[in-house]
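All chains are named by letter (A, B, ...) in the order of the sequence lines, taking the proteins before the strands, and each is independently numbered beginning at 1.
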2 protein chains.
Amino acid sequence: MAAELKNLTKRSVDYSKWYNELVVKADLAEQADVRGCMVIKPYGYAIWEKLQQTLDGMFKETGVQNVYFPMLIPKSFLSKEAEHVEGFAKECAVVTHYRLKTNETGDGVVVDPAAKLEEELIIRPTSETTIWNTYRKWIQSWRDLPLLCNQWCNVMRWEMRTRLFLRTSEFLWQEGHTAHATREEAEERAQQMLKVYADFVEKYMAVPVVQGVKSETERFAGALDTYTIEAMMQDGKALQSGTSHFLGQNFGKAFNVQFVDKENKMQYAWATSWGVSTRLMGALIMVHSDDNGLVLPPHLAPIQVVMVPIYRKDEELEALNEKFEALARRLRQLGIRVKYDNSENKRPGFKFADYELKGVPVRLVMGPKDMENGTVEVMRRDTLEKETRQFEGIDEYVNTLLEEIQTNIFEKAKKYRDEHIFECDNYEDFKTRVKDGGFFLCPWDGTTETEARIKEETQATIRCVPLGVDQSNPGVDMVSGKPAKYKVLIARSY
Amino acid sequence: MAAELKNLTKRSVDYSKWYNELVVKADLAEQADVRGCMVIKPYGYAIWEKLQQTLDGMFKETGVQNVYFPMLIPKSFLSKEAEHVEGFAKECAVVTHYRLKTNETGDGVVVDPAAKLEEELIIRPTSETTIWNTYRKWIQSWRDLPLLCNQWCNVMRWEMRTRLFLRTSEFLWQEGHTAHATREEAEERAQQMLKVYADFVEKYMAVPVVQGVKSETERFAGALDTYTIEAMMQDGKALQSGTSHFLGQNFGKAFNVQFVDKENKMQYAWATSWGVSTRLMGALIMVHSDDNGLVLPPHLAPIQVVMVPIYRKDEELEALNEKFEALARRLRQLGIRVKYDNSENKRPGFKFADYELKGVPVRLVMGPKDMENGTVEVMRRDTLEKETRQFEGIDEYVNTLLEEIQTNIFEKAKKYRDEHIFECDNYEDFKTRVKDGGFFLCPWDGTTETEARIKEETQATIRCVPLGVDQSNPGVDMVSGKPAKYKVLIARSY
């Protein structure tokens, strides 16, 4: 059974298959009975909850308040913002009826044709339209601004090719929607939330990100600017992990949200929106895990320390129970999430494999020999290194070790990422190398034509104009040979 | 403005109108643009969050784990459990298409007839069907049991007459779904969760409840037993505040969820489900609030203490700021949620009215005179009593006062409730008195006919067979004159 647990496809053999197997074997999620949707299982949901709580606290520190808007949106709302409808109206779940009735044979149900809606409703793919239609009622004066709302909810986009966490038709996310009196304030907020995302992903998920601005083609439908954080997976591909949009007055105008400013003039409100989703779970899994299973960052691991006793005789177990339970209490006092697994229906070998697969950062094992010697075996999941240490003071040691693991996996991911960012200004060279993954920093002339050609010929896309990169002398576009406008980050992506 | 804030219809004039106005004026929720749905505003959502976090912790203490299942359910799943389909399939939102397209004139979108689903999907009204269809894959052996899952999510029931929080087409809730190896264990779990609900509602919401078992007619569609908690509103009507269902093997059989028991025999799994929803917000509002606005129980109030300075000169404000901010820090150290409102664009009178309307349990006011005398004015929202106290030691006093308010509003609601529970075995008497509200404890012969007649003639329903009531000698049915089976609680309800 332990062997079977570990029977994961190796990353080097098939990274994509490794991921799919890992998500299921580590009990994170599985395909649902409805096409393209997923069931998030208890262990996966526990990670999502940690992530959600942490991020929610960070939002609130910036003054954001939570709200809840309806999941159904009248079809006509979608058409009000011209670009938005192009981006979102197409692939969505449409509610056309509000009743079923028993069929003629009495053994099933059919749609009741008499219960057809006058106007179809769609399940929200994102909520700008319904929220801005409400903001019209909430915003009258500059005193009502800024308005800083967020909701945690489910959304639906009818995706054709889906993968657990990375792309599913229904997914969980948060969507922040803010309204401001000035352009500057809205732009600042969009940038501020990008920073919150970057901080969260780096500090808690231990995933390094590149912050940047999307090209016009890759922008959110209806945005003037889309800010993004891009993370590198172990196959060198990019995963867009969060976006924050400066929406200008597009939604203010589309939904006629006007306010009286301090000079007593009517103005349209300025908007931002920003979101991260269960897709972050995909990044978390893909960046750190290995051929033995998950590697979870201690800051988000539902179980940070697992303790397993080894024994033959009942009295040995009793002594171990006493020792471990006292330690568990001490660790919990330090705020550490501990599980003591003395279940009798599984062998230690099975437990070891299972907790490795589930990515528990630290494992403590004691047997009768350790009891005699006053020692305990400590294994850290990130390096799989084992050491035998004095039991005395082990609580403080574990506390430090968890932080060390958090730092170590971040540094490891950052080293890998940095080693796979390449400056490149030769298109032939680029075409050969991009197949092996990595982020390529290349001069771009800023045209949609060049962008489209790169995508078509290499399946790579412009991920962003990275922030913090010197753009004073971007050079010559590697495709068109024209003067470049920016250095951009190009990569294949999820 | 302060006067306008308070311009609430009085409860004695129109209780129903008072409620509707209060929900909107206190900024809790409002009607959404989609028929029958609501927008939960920041202040309302903050209360819901407190409630949710507390209850979630109580579930987890009993071993429950959170999960997430898809919101869409294949139509055919609903027909698998015969009673369930009758109860839920009828009024629900049906997704029939997965794409919109631009209309002929190019200024709107229409449903794309080419994108019709082979099988319609409905938005979950409750998730027993989809969850049990998945449990089949999760449950093989007695070792996989019990399985204790819960999800916090949105659900949709196409209601015709809706009221904010009390009955909306879309609402937020949690639904627990457990699977067990034995009948006894499942029955115990259903009862255990009822007790969790009762504890929560009484201790945190400060709302006394009657625990009981529903009659067959009032049972959940597909349950063998439905346990309920019933609360009394200030008009004497009942509000069903939470239910826990013992589902027997109905879903185990309908979805073929079998396991190998300890004797190596195949058995169908036993089930429970249990839920509370945003309806609890309705109870919270209706039980405690008064003609001045909300009265929130301190345990769930987003702001427990509000502090308002009164001043004319800037240097007075500075001194008050210093004093109040130091106090705020001390109160926060005691775990108290504090707001210091020194905003300059609202007069104190407006602030007082606003925080009264919003039900903040304790208000502290200081002006220059208080600074001189070392005093502070304390107002408690439940009784509206004001007193002037020494500033010294006010933090400990407030801490005690919050608990006192929590106890007081529970006792007040309990006294009202107890004074409006009547024993009654005369139907004529009952018919006259039930119009004025109250819970009536009456002998019932246990027949559906009697139950239906009472409902038709009085609009009152059997709320439950209350637990803890002596049923050894229930007497004679007040309607049929036949020997009674139980004493039941009858009331008009929301």
message = Let me confirm one number: the CD1-CD1 distance from B:I123 to A:I123, rounded to the nearest 0.5 Å.
response = 4.0 Å

query = For the atom pair CE (A:M71) and CG (B:L172), what is the distance rounded to the nearest 0.5 Å?
reply = 9.5 Å

Side chain, backbone, both or neither: which part of [X] has an atom under 4.5 Å from a heavy atom of chain B?
{"X": "A:L117", "result": "side chain"}
{"X": "A:R35", "result": "neither"}
{"X": "A:D56", "result": "side chain"}
{"X": "A:N345", "result": "side chain"}
{"X": "A:K346", "result": "neither"}
{"X": "A:Q151", "result": "neither"}

query = Closest heavy-atom contact between A:G108 and B:S79?
reply = CA-OG, 3.7 Å

remark   = When every non-hydrogen atom of B:D33 is compared with those of A:T130, the smallest separation belongs to OD2-O, 4.2 Å

In terms of heavy-atom pairs under 4.5 Å, which option from [options] contacts chain B the most?
{"options": "A:N66, A:V111, A:L72", "answer": "A:N66"}
{"options": "A:E120, A:K41, A:K137, A:Q65", "answer": "A:K41"}
{"options": "A:Y45, A:W158, A:Y68", "answer": "A:Y68"}
{"options": "A:K80, A:E30, A:E119, A:M156", "answer": "A:E30"}
{"options": "A:F69, A:W138, A:Y43, A:W152", "answer": "A:W138"}

ask   = Of the listed residues (B:K75, B:M38, B:Q53), which shares the most heavy-atom pairs with chain A below a 4.5 Å separation?
value = B:K75

message = Using a 4.5 angstrom heavy-atom cutoff, name the option from B:N154, B:D107, B:D112 with the most pairs to chain A.
response = B:N154

Contact part of [X] toward chain A, heavy-atom cut-off under 4.5 Å: side chain, backbone, both or neither?
{"X": "B:L121", "result": "side chain"}
{"X": "B:V39", "result": "both"}
{"X": "B:K116", "result": "neither"}

